[in-house]
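One structure is given below, encoded as structure tokens.
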Amino acid sequence: MQAESMVKLAIDFENPGEEWWSNGGRDLWEAILEGFDNNAVVVEAALAESWLTQAASIPGWEGGPEFSPHPICLKAIDEDEIV
């Protein structure tokens with residue numbers, strides 16, 4: 001796998017919504033972690049896109065502040081990060 005096709009999904013701690021987490025988001029998040037820490041996971045871009053589509057279908061996904069609209073966000077992978 002090449003790093004260019006990889007992205008990081010991470011919990012956006014600035015999003016105050018608990019509705020998404022309690023309506024199935026927590027289970028969806030824990031299913032993708034696969035042994036990573038609880039805050040972020042590096043996955044293939046296609047998997048991230050599919051996962052985000054499923055995440056968006058759970059009530060509570062929308063409605064956060066403009067700077068933090070969703071409970072989970074995409075983050076850049078640091079150059080020195082091992083993926």
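FYI, the numbering just counts along the sequence from 1. Because the structure is a prediction, the values reported are computed rather than measured.
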Salt bridge (charged side-chain N to carboxylate O under 4.0 Å, His left out) partners of Glu19, counting only residues at least two apart: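 Partners of Glu19 under the salt bridge (charged side-chain N to carboxylate O under 4.0 Å, His left out) test: none.
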Which atom of [X] lies closest to which atom of [Y], heavy atoms considered:
| X | Y | result |
| --- | --- | --- |
| Ile58 | Asn23 | CG2-O, 3.6 Å |
| Trp20 | Ile72 | CH2-CG1, 3.8 Å |
| Glu14 | Phe67 | OE1-CD1, 3.3 Å |
| Asn39 | Phe13 | OD1-CZ, 3.3 Å |
| Ala48 | Val7 | CB-CG2, 3.3 Å |
| Met6 | Val42 | CE-CG1, 3.8 Å |

Asn15 (side chain) donor-acceptor with Ser68 (main chain) under 3.5 angstrom: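 Indeed, once roles are kept as given, a pair shorter than 3.5 Å links the two residues.
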Trp51 side-chain N/O to Val43 backbone N/O, donor-acceptor pair under 3.5 Å: no
Residues forming a side chain to side chain donor-acceptor pair (under 3.5 Å) with Ser50, sequence neighbours excluded: none
All pairs passing salt bridge (Lys or Arg N to Asp or Glu O under 4.0 Å) where residues 61-75 contributes a residue, at least two apart: none
CG on Leu9 to CG on Leu47, rounded to 0.5 Å: 7.5 Å
